[in-house]
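Naming convention: chains lettered A, B, ... in sequence-line order (proteins, then strands); numbering from 1 in each chain.
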Protein chains: 2
Amino acid sequence: MEKPYLPLDEETLFLVSQTFKALADPTRIRILHLLFERELSVTNIAERLDLNQSNVSHQLRFLKNLRLVKYRRDGKTIYYSQDDEHVMKILQQTIDHACHH
Amino acid sequence: MEKPYLPLDEETLFLVSQTFKALADPTRIRILHLLFERELSVTNIAERLDLNQSNVSHQLRFLKNLRLVKYRRDGKTIYYSQDDEHVMKILQQTIDHACHH
DNA sequence: TTTATATATGAACATATATTCATATTATAA
DNA sequence: TTATAATATGAATATATGTTCATATATAAA
């Protein structure tokens, strides 16, 4: 008996592609990689990665919209941290995989 | 003692971003999803997904360059199949993850 | 040979994306 | 209040990307 092919529905397709799109940009990878360790402020991320503050802010919004990161405010400072174990695990795996080749 | 931050080297960063870029496009996701089952010809893929033959050919080249798919020739027909277990596993995981949300 | 079929390729184009700049918002300190 | 610091936002822009079209290449059949 043949296993029937189940086409991917639009919604799943969109969600999956968006998730990978988040991981497809070097800047976002570097940001998420930083957040493996611990939460960091926007300024801190920008300094460590030598990036424009505005650029970091834009990328964090992108990641926040996909719920890959979350934030908390402390005074004037906003601290960002990871918010999706599954995706972070996939990123870690793929980095490891790439390193050993 | 603080765990030191190890910045990602350029090569790893490029490889990782390229890998995710391959998975970041709905058309390529659909193609790879088809190849979960078994090898398929270019025409077959195009028919099943209702895509332009040229489009499929371009996408397959992209995937082939990243060694995510391989091919074999049989007469005039070229059959493509998956060639990276790790990446296919990640794709499967993420599709499952997306379905159940 | 000529013809038909399967696939690949390059150019063109429209759209998407990443980044920067200037400025707005928000919160604190003076 | 005014000034300062941290972050967010929108417009502008340059570049990247996906798709189509027309055509080239490769193989097989007539």
Side-chain angles (χ1 to χ4, degrees), chain A residues 8 10 13-35 38-81 83, chain B residues 8 10 13-35 38-81 83:
Chain A
L8 292 168
E10 276 297 325
L13 204 55
F14 181 74
L15 234 164
V16 172
S17 66
Q18 280 298 111
T19 302
F20 285 125
K21 209 162 280 181
L23 302 174
D25 175 69
T27 300
R28 286 192 292 270
I29 293 174
R30 293 173 76 210
I31 291 173
L32 288 173
H33 184 244
L34 263 186
L35 298 181
R38 55 187 171 86
E39 66 172 12
L40 288 170
S41 71
V42 179
T43 306
N44 212 320
I45 294 170
E47 280 171 355
R48 279 167 173 253
L49 301 181
D50 192 28
L51 293 170
N52 195 304
Q53 176 269 321
S54 177
N55 189 2
V56 174
S57 201
H58 279 300
Q59 303 298 354
L60 286 170
R61 179 165 56 173
F62 185 107
L63 296 171
K64 182 167 58 67
N65 287 341
L66 282 170
R67 297 180 194 284
L68 301 189
V69 301
K70 62 181 187 295
Y71 67 91
R72 71 176 180 87
R73 176 182 280 279
D74 181 12
K76 281 175 295 190
T77 307
I78 295 183
Y79 292 96
Y80 281 84
S81 56
D83 198 29
Chain B
L8 291 169
E10 276 297 324
L13 203 54
F14 181 74
L15 234 164
V16 172
S17 65
Q18 281 298 111
T19 302
F20 285 124
K21 210 162 280 181
L23 303 174
D25 175 67
T27 300
R28 287 192 292 270
I29 294 175
R30 293 173 77 210
I31 291 174
L32 289 173
H33 184 243
L34 263 186
L35 298 181
R38 55 187 171 87
E39 67 172 12
L40 288 170
S41 72
V42 179
T43 306
N44 212 319
I45 294 171
E47 280 171 355
R48 278 167 173 253
L49 301 181
D50 192 29
L51 292 170
N52 196 304
Q53 175 269 321
S54 177
N55 190 2
V56 174
S57 202
H58 278 300
Q59 302 299 353
L60 285 170
R61 179 165 58 172
F62 185 106
L63 296 171
K64 183 167 59 67
N65 287 341
L66 281 170
R67 297 181 194 282
L68 301 189
V69 301
K70 61 181 188 295
Y71 66 92
R72 71 175 180 87
R73 176 183 281 278
D74 180 15
K76 282 175 293 191
T77 307
I78 294 182
Y79 291 96
Y80 280 84
S81 56
D83 197 29

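- Although no hydrogens or angles enter the test, the distance criterion places a donor-acceptor pair under 3.5 Å between the side chain of R30(B) and the main chain of L49(B).
- Considering all non-hydrogen atoms of both residues, A24(B) and A24(A) come closest at CB-CB, 4.4 Å.
- For D83(A), there are no side-chain hydrogen bond (donor to acceptor under 3.5 Å, both in side chains) partners, not counting sequence neighbours.
- Taking a 4.0 Å limit (strictly below) on heavy-atom distances, residues 49-61 of chain B reaches DNA chain C at Q53(B), S54(B), S57(B), H58(B), R61(B).
- When distances are taken from the side chain of T43(A) to each of dT7(D), dT19(D), dT17(D), the shortest belongs to dT7(D).
- Between T77(A) and T43(A), the closest side-chain pair of non-hydrogen atoms is not below 4.5 Å.
- Counting non-hydrogen atoms under 4.0 angstrom, Y79(A) reaches nothing in the nucleic acid.
- The nearest whole Å value for the distance from the CG atom in D74(B) to the P atom in dA26(D) is 18 Å.
- We find that OH of Y71(A) is positioned 11 Å from C1' of dT7(D), with the value rounded to whole Å.
- Under the ring pair (Phe, Tyr, Trp, His ring centres under 6.0 Å) criterion, Y71(B) pairs with Y80(B), not counting sequence neighbours.
- L40(A) places its CG atom 15 Å from the P atom of dA6(D), with the value rounded to the nearest Å.
- First and last contacting nucleotides of DNA chain C toward chain A (any atom under 4.0 angstrom from a heavy atom, 5' to 3' order): dT17(C) to dT28(C).
- When the salt bridge (Lys or Arg N to Asp or Glu O under 4.0 Å) test is applied to R72(B), the partners found at least two apart in sequence or on another chain are E39(B).
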Mind listing the side-chain donor-acceptor pairs of residues 51-58 of chain A below 3.5 Å, one per line with the distance, residues two or more places apart or on another chain?
residue, atom, partner, partner atom, Å
N52(A), OD1, S54(A), N, 2.9
N55(A), OD1, Q59(A), NE2, 3.4
H58(A), ND1, R61(A), NH2, 3.4

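- Both D25(A) and R73(A) lie near DNA chain C, and the one whose nearest nucleotide falls closer to the 5' end is D25(A).
- When all heavy atoms of L66(A) and Q18(A) are compared, the closest pair comes out as CD1-O, 3.5 Å.
- For the pair K21(B) NZ and dA16(D) P, the computed distance is 9 Å after rounding to whole Å.
- Among L68(B), V69(B), L63(B), the single residue meeting the side chain to side chain contact (heavy atoms under 4.5 Å, CB included) criterion with L35(B) is V69(B).
- Checking the phosphate oxygens (OP1, OP2) of dT17(D), no side-chain nitrogen or oxygen of R28(B) falls inside 4.0 Å.
- The K76(A) side chain lies nearest to dA5(D) when the options are dA5(D), dA26(D), dT17(D).
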